[in-house]
Amino acid sequence: MKNITRTLGALALFAIVTPTHGIDGRIEINQAKMLAGGVTPGDFPGLPVSIGQPGSYVLTSNLDLSVDPNSPNLAAIHINADGVSLDLNGFEIRGTTTCTGVGATLVCTPTGMGYGIFVQGNGARVHGGSIRGIGGVGIYESNLGLGEYWELAVSQCGAGGIDVNGTVRAAHVDHNQGVGILTDWAGSVLDSYSSGNLLRGISTSAAVVRGNIASENGGIGIESFSSSVIDCISAFNGGVELWLSGCSWGGNTLSGCGGPCVTSAGSVQVGANNCAGVACP
């Protein structure tokens with residue numbers, strides 16, 4: 001179980017496509033448009049691509065951030081309108097940061113205050129691609145936007161992987177210099193995989209946490225406050241595998257525990273949980 005792996009399906013990376021017409025009426029974002037600006041009114045040339053109007057947007061090429069030497073401190077895409085849907089369409093937002101090591105030994109360089117996708121609008125929907133090598137956080141939601149984020153791969157970012165207040169589903173988040181998946185309030189983390197990150201694998205508050213895997217992170221595997229934690233696997237993390245406060249939990253499997261497998265203050269088992277081959281206390 002030490003080397004738990006899960007893949008999301010092949011992503012069509014590295015292709016550069018710049019068609020002149022929209023896809024099903026959606027507004028296109030690609031490398032050429034990032035450099036030219038004008039995706040929406042007020043979007044200036046270069047980084048970030050500013051989405052200032054609601055609607056449906058789609059990537060039609062990778063975004064290579066190395067064109068701007070200050071990219072570790074900039075956002076690639078800034079969503080500052082409500083009701084934005086962004087389909088990454090199998091492409092990648094690619095920065096210049098690289099990471100070596102795993103878990104507690106992970107080191108990333110260069111780091112900065114940048115973001116792959118910075119969300120200030122409410123109800124964002126982002127899916128279907130990858131974000132790699134960002135100087136700061138891969139995906140960050142700055143307010144109680146309650147967005148939805150699914151089928152995403154986020155890796156080798158200089159801070160956290162995904163830090164939002166909404167729902168994260170079917171995400172593969174690994175080797176980021178921070179928390180893998182963090183939902184600050186009223187979010188859910190479903191069917192996702194968080195591995196090899198410097199700090200905690202998954203951290204939630206007032207959430208539904210179901211069907212996830214956390215492995216080989218430097219800190220706690222899964223940390224949850226006032227949440228429902230069901231059918232998860234946590235293994236070979238640097239801290240306690242499952243840290244709970246005021247939660248309900250059941251169907252979880254914990255292994256490779258360096259000490260106690262679980263801390264469960266004020267929590268209630270709603271189903272059997274397995275701690276290193278025996279029933280959890």
Side-chain angles (χ1 to χ4, degrees), residues 6 8 26 29 48-59 75-89 93 114-132 134 136-155 157 159-174 176 178-194 197 199-214 222-232 244-248:
R6 178 178 287 184
L8 291 177
R26 294 179 289 177
I29 299 171
V49 175
S50 180
I51 299 178
Q53 294 182 333
S56 185
Y57 299 79
V58 58
L59 283 192
I77 297 177
H78 183 187
I79 298 175
N80 52 26
D82 295 344
V84 169
S85 176
L86 174 60
D87 181 0
L88 300 186
N89 195 30
I93 298 171
Y115 304 94
I117 301 174
F118 183 78
V119 181
Q120 286 185 297
N122 296 313
R125 294 168 56 85
V126 180
H127 66 97
S130 64
I131 297 169
R132 176 168 59 92
I134 302 301
V137 180
I139 300 175
Y140 182 75
E141 191 174 57
S142 67
N143 58 359
L144 193 60
L146 298 180
E148 296 183 49
Y149 306 88
W150 72 97
E151 294 177 0
L152 296 160
V154 182
S155 65
C157 296
I162 299 176
D163 183 349
V164 298
N165 295 297
T167 296
V168 178
R169 173 168 50 85
H172 189 295
V173 181
D174 67 279
N176 299 286
V179 178
I181 301 172
L182 174 63
T183 60
D184 293 320
W185 184 252
S188 295
V189 182
L190 310 171
D191 302 321
S192 294
Y193 177 43
S194 182
N197 301 288
L199 302 178
R200 302 177 299 283
I202 296 171
S203 182
T204 72
S205 180
V208 175
V209 184
R210 185 179 68 240
N212 304 294
I213 295 175
I222 299 174
E223 171 189 64
S224 291
F225 301 83
S226 303
S227 298
S228 172
V229 183
I230 304 296
D231 296 338
C232 293
L244 306 173
S245 178
C247 295
S248 59

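Keep in mind that this is a model prediction, so the values were computed, not measured.
Side chain of Ser188 to main chain of Ala207: no donor-acceptor pair is present (N/O by atom type, distance under 3.5 Å, no hydrogens or angles). Judged by distance alone, with hydrogens and angles left aside, the side-chain atoms of Asn176 form a donor-acceptor pair with the main-chain N or O of Val154 at under 3.5 Å. Judged purely by atom type and a 3.5 angstrom limit, Ser226 has no side-chain atom pairing as donor or acceptor with the backbone of Ala206. For the pair Asn197 (side chain) and Gly161 (backbone), a donor-acceptor distance under 3.5 Å is absent. Under a 3.5 Å cut-off, the side chain of Glu223 and the backbone N or O of Arg200 do not form any donor-acceptor pair.
Two residues are said to be in side-chain contact when any heavy atoms from C-beta on lie closer than 4.5 Å; His78 and Tyr115 fail this criterion. Pro54 is not listed as a side-chain neighbour of Asp82, based on a closest heavy-atom distance of 4.5 Å or more. Between Val119 and Tyr149, the closest side-chain pair of non-hydrogen atoms falls below 4.5 Å. A 4.5 Å side-chain heavy-atom check between Ser50 and Asn80 finds at least one atom pair inside the cut-off. In this structure, Ile79 and Val126 have side chains that are in contact, with non-hydrogen atoms separated by less than 4.5 Å. Contact of the Cys232 side chain with the Val209 side chain is registered, since non-hydrogen atoms from C-beta on lie closer than 4.5 Å.
Here the shortest heavy-atom pairing between Ser224 and Cys247 reads O-SG, 3.3 Å. The shortest non-hydrogen separation linking Val179 to Gly201 is CG1-O, 4.4 Å. Considering all non-hydrogen atoms of both residues, Ile202 and Ser194 come closest at CG1-CB, 4.0 Å.
The structure places OG of Ser130 at 13.0 Å from CD of Glu151, a figure rounded to the nearest 0.5 Å. The CG atom of Asp87 sits 7.5 Å away from the OG atom of Ser56 when rounded to the nearest 0.5 Å. The CD atom of Glu141 sits 11.5 Å away from the CD1 atom of Ile117 when rounded to the nearest 0.5 Å.
Ring-plane geometry between Trp150 and His127 is classed as parallel, the angle between the planes falling under 30 degrees on a 0 to 90 degree scale with a further cut at 60.
In this structure, a donor-acceptor pair under 3.5 Å is absent between the side chains of Thr204 and Thr183.
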How far apart are the C-alpha atoms of Ile29 and Ile51, what are their side-chain angles, what is the distance that settles it, and do they pass the side chain to side chain contact (heavy atoms under 4.5 Å, CB included) test?
-> CA-CA 10 Å; Ile29 299 171; Ile51 299 178; 3.8 Å; yes

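None of Ile181, Val164, Ile93 except one satisfies the side-chain contact (heavy atoms from CB on, under 4.5 Å) rule with Ile139; the exception is Val164.
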